[in-house]
**Student:** 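Quick one: the structure is below, questions incoming.
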Protein chains: 2
Amino acid sequence: MKNNVTMRDIADKLSVSSVTVSKALNDKDGVSDELKVKIKTLAEEMGYRYNALAKSIKEGLSYNIGVIIPERFAGMDHQSFYLNVYQSITRVLEEYDYYGILHILSKEDEKNLQLPRIYHEKKVDGFIILGQISKEYIEKVQSISIPKIFLDFYDENSDIDSIVTDNFNGAYEITNFLIQNGHKEIGYVGNLYSTSSIQDRYLGFYKSLLEHNLELNQNYILNDRDDNGTYIDIDIPKKMPTAFVCNCDQVAHNLVQKLTKLGLNVPEDCSVVSFDNDIYATITSPPLTTVEIDIEEMANYAVNFMLEKLKDHQKSFGRILVKGKIVYRHSVKNIKTR
Amino acid sequence: MKNNVTMRDIADKLSVSSVTVSKALNDKDGVSDELKVKIKTLAEEMGYRYNALAKSIKEGLSYNIGVIIPERFAGMDHQSFYLNVYQSITRVLEEYDYYGILHILSKEDEKNLQLPRIYHEKKVDGFIILGQISKEYIEKVQSISIPKIFLDFYDENSDIDSIVTDNFNGAYEITNFLIQNGHKEIGYVGNLYSTSSIQDRYLGFYKSLLEHNLELNQNYILNDRDDNGTYIDIDIPKKMPTAFVCNCDQVAHNLVQKLTKLGLNVPEDCSVVSFDNDIYATITSPPLTTVEIDIEEMANYAVNFMLEKLKDHQKSFGRILVKGKIVYRHSVKNIKTR
DNA sequence: CTGAAAGCGCTTACAG
DNA sequence: CTGAAAGCGCTTACAG
């Protein structure tokens, strides 16, 4: 099984031209069936491997998509979600003969507005960006002309296509669920100035409160992380609400641990719901009632939009909301007095 | 910032040849400094992007490495470890101007001995394979002539280069630690016929027992998964040992949960140690004393070996053991009677 | 149905 | 120091 076999080698052995071999191997018209079979058989015999690079250079397309994850989301802490999304993306990509190249965007590069080398070397035909990046970097990305899609975040100032979970609606619905279970004093855990996801979830939570004529108590809005995204110790208020909506499962996990340490039981003393349905949801004791994010669906959208944009660079999709779905577990107590 | 700018375009504007532009842009000899600066400036101005594909096709090298993860290790359950390794690998790869392409090996493809398309299309120069694959698939992989490296597993029959954690030694040392803490009846949790990692860890555990003249009690060897790798309910023996060595953190987590459900406290009633130091180690209550795997180091070895093999296909490294390191937490009780 | 010619964007000898 | 020629492995018109 020697390598470096080219179409020409096959052509020479059969005394035909490489054009004919190309046609045969690609099942294109213009070769007799008989010859086609002969060519394919010989190709197999000679251990021929197609060279996608040669096609790429002709077409000016690499058939690779760069997937960018900012470093701070790629660490041990957040790993599960974005890496899972990446995995789903590569899966869908493969169906279309495309491949994903993962690029972890370092903090320095983000700060210095340094585009990844895969861009400068034309190794990718487009970018899918997972997780919020700085406004400046968004602008930088906007300035380049290859197709790009934002996933799991968006930016008001830019008209880039983005795919996000319907955070607003998800938080709205899970807060409704809390209220259906008799909760009237409900808090929210999350840094409101950190990411748009956290903000939208907060707003959905707030809408539910408004609709039900419940008070928004500022003492029940708890901070969970500093402005760099590093988790901080959650400051539990003296007077407690009967339930909390957390902006993500990991924070809910932190909250439950903290509460437990203070001698408060979940859900007996305080109910907790959250968002993501990642590993933290099942690992927390009790397991969390949470909004599941449809990763497959998001990956599907991302890849399909990318493919469309590759065909027609003008194409634009705007902001797509992917619905989440509540997964009911054991972190909510019904406190309704009948 | 129009695209599709080529070296020729730059050359034409400056009335020089594309050869000169190539030399200038690559900082090679044979261009006057003056001209070089001029070329570089103009390239910048014109928004020139280097086309790595063109170089690739000349050299017959894609500058991509395929990273294969079998589907069963890529699911939610095992995600953390292999996806983290992949991430480390891409990081190191980037330093050398190489990129990683992730390929999830589906169960069907593994069964049908189907090599990934990235192989057939020459989109990668080599393969790094993460996680045990079937013997038949190993043989298939062996039959192809591009460089490959196994990571986190090995196979007796093959002389492929592999990088594995020093499972034997790690389990040996952590069992010693248990014995130092007075434990004499120690069990092991893991399917001994599942992977070589589990086997080696078991053997290291056994060696420690032998050295300390302790009995290996078959009733204390607990199965944790079926032959497909799916976790099963762990069968707790009536008569309990004072400690368990688990083959990985997740299984330790399962064990602790099971024990807790049965009213047994860790570490008061039973100590538990494990392997990996992944997310399950810190999330288990109590946090686990475990052997940390040096992912960075493994990724470093993998990439460096791959690069060497790319230069010289004959090069071979055999099996490399990467030492782990015990992380002490709170799942072990000292039961020594002084 | 078959193939000669040209080209994708670069680099590698080699010549001047 | 500079460049004409050839080639990497394929595909796309176009001609026969």
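All figures in this text were calculated on a predicted structure; none of them were measured in a lab. Residue numbers start from 1 in every chain, and the chains themselves are labelled A, B, ... in the order their sequence lines are given, proteins ahead of strands.
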**Student:** Using a 4.0 Å heavy-atom cut-off across all strands, classify B/Asn26 as base, sugar-phosphate, or nothing.
**Tutor:** sugar-phosphate
**Student:** With sequence neighbours excluded, tell me which residues meet side chain to side chain donor-acceptor pair (under 3.5 Å) with B/Lys135.
**Tutor:** B/Asp155, B/Glu156
**Student:** With ring pair (Phe, Tyr, Trp, His ring centres under 6.0 Å) as the rule and sequence neighbours excluded, what pairs involving residues 120-142 of chain A come up?
**Tutor:** none
**Student:** In whole Å, what is the span from the OH atom of B/Tyr63 to the C1' atom of C/dT11?
**Tutor:** 11 Å
**Student:** Does the distance from a Lys or Arg side-chain N to an Asp or Glu carboxylate O, for A/Asp97 and B/Arg117, drop under 4.0 Å?
**Tutor:** yes
**Student:** Under a 3.5 Å distance rule, please check whether B/Gln132 uses its side chain to pair with a backbone N or O of B/Ser196 as donor and acceptor.
**Tutor:** yes
**Student:** May I have the distance from B/Lys55 (atom NZ) to D/dC8 (atom P), rounded to whole angstrom?
**Tutor:** 18 Å
**Student:** Just N and O in the side chain of A/Ser32: are any of them under 4.0 Å from OP1 or OP2 of C/dC1?
**Tutor:** no
**Student:** Which string of ( ) [ ] | and . matches DNA chain C, if you list each base 5' to 3' and count Watson-Crick or G-U pairs only when both distances are under 3.5 Å?
**Tutor:** |||.||||||||.|||
**Student:** For B/Glu34 and D/dT2, give me the distance from atom CD to atom C1', rounded to whole Å.
**Tutor:** 14 Å
**Student:** Quickly work out the B/Lys58 NZ to D/dC10 P distance and round it to whole Å.
**Tutor:** 16 Å
**Student:** Looking at B/Glu71 and A/Arg91, is there a salt bridge between them, counting it only when a charged N and a carboxylate O are closer than 4.0 Å?
**Tutor:** yes
**Student:** Counting only side-chain heavy atoms from C-beta out, which of C/dC10, D/dT2, D/dA13 sits nearest to B/Thr6?
**Tutor:** C/dC10
**Student:** Hey, is B/Lys55 close enough to A/Glu121 for a salt bridge, meaning N to O under 4.0 Å?
**Tutor:** no
**Student:** Please report, rounded to the nearest Å, how far the P atom of C/dT11 is from the CD atom of A/Glu121.
**Tutor:** 11 Å
**Student:** Whether the B/Asp125 and B/Tyr98 side chains hold a donor-acceptor pair (N or O, under 3.5 Å, no angle test) is what I'd like checked.
**Tutor:** yes
**Student:** Whether A/Ser22 contacts D/dT11 is assessed here as follows: a side-chain N or O lying under 4.0 Å from the phosphate OP1 or OP2. Is that the case?
**Tutor:** yes
**Student:** Verify the distance criterion only: is there a donor paired with an acceptor across the side chains of B/Tyr48 and B/Asp9 at less than 3.5 Å?
**Tutor:** no
**Student:** Please list residues of residues 7-15 of chain B whose heavy atoms come under 4.0 Å from any atom in DNA chain C, ordered by number; otherwise none.
**Tutor:** B/Met7
**Student:** Polar pairs (N or O, both sides) under 3.5 Å between protein and nucleotides 14-16 of chain D?
**Tutor:**
none

**Student:** From the set C/dC10, D/dG9, C/dG3, return the single nucleotide nearest to any side-chain atom of A/Ala54.
**Tutor:** D/dG9
**Student:** Which one, C/dT2, D/dG3, C/dG9, comes nearest to the side chain of B/Ile57?
**Tutor:** C/dG9
**Student:** In terms of side-chain heavy atoms, does A/Tyr96 have a donor or acceptor partner in A/Asn304 at a distance below 3.5 Å?
**Tutor:** yes
**Student:** Assert yes or no for the condition that the ring centre distance of B/Phe150 to B/Tyr154 is strictly below 6.0 Å.
**Tutor:** no
**Student:** Nearest to the side chain of A/Lys28, which nucleotide is it out of D/dT2, D/dT12, C/dC10?
**Tutor:** D/dT12
**Student:** For the pair A/Lys315 and A/Asp161, find out whether any cationic side-chain nitrogen is under 4.0 Å from an anionic carboxylate oxygen.
**Tutor:** no
**Student:** Could you check whether B/Tyr50 and B/Asn26, counting side-chain N and O atoms only, form a donor-acceptor pair closer than 3.5 Å?
**Tutor:** no
**Student:** Give the nucleotide from the list D/dG9, D/dT2, C/dG9 with an atom nearest to the side chain of B/Thr20.
**Tutor:** D/dT2
**Student:** Rounded to whole angstroms, how far apart are CG on A/Leu53 and P on C/dC10?
**Tutor:** 14 Å
**Student:** A/Glu59 CD to C/dC8 P: how many Å, rounded?
**Tutor:** 14 Å
**Student:** Under the rule for side chain to side chain donor-acceptor pair (under 3.5 Å), what residues qualify as partners of B/Ser18, not counting sequence neighbours?
**Tutor:** none
**Student:** Give the rounded distance in Å between these two atoms: CZ of B/Arg49 and P of C/dG9.
**Tutor:** 12 Å
**Student:** Is A/Leu35 touching bases, backbone alone, or none of the nucleic acid, heavy atoms closer than 4.0 Å?
**Tutor:** sugar-phosphate
**Student:** Between B/Val19 and A/Gly30, who's closer to the 5' end of DNA chain C by nearest nucleotide?
**Tutor:** A/Gly30
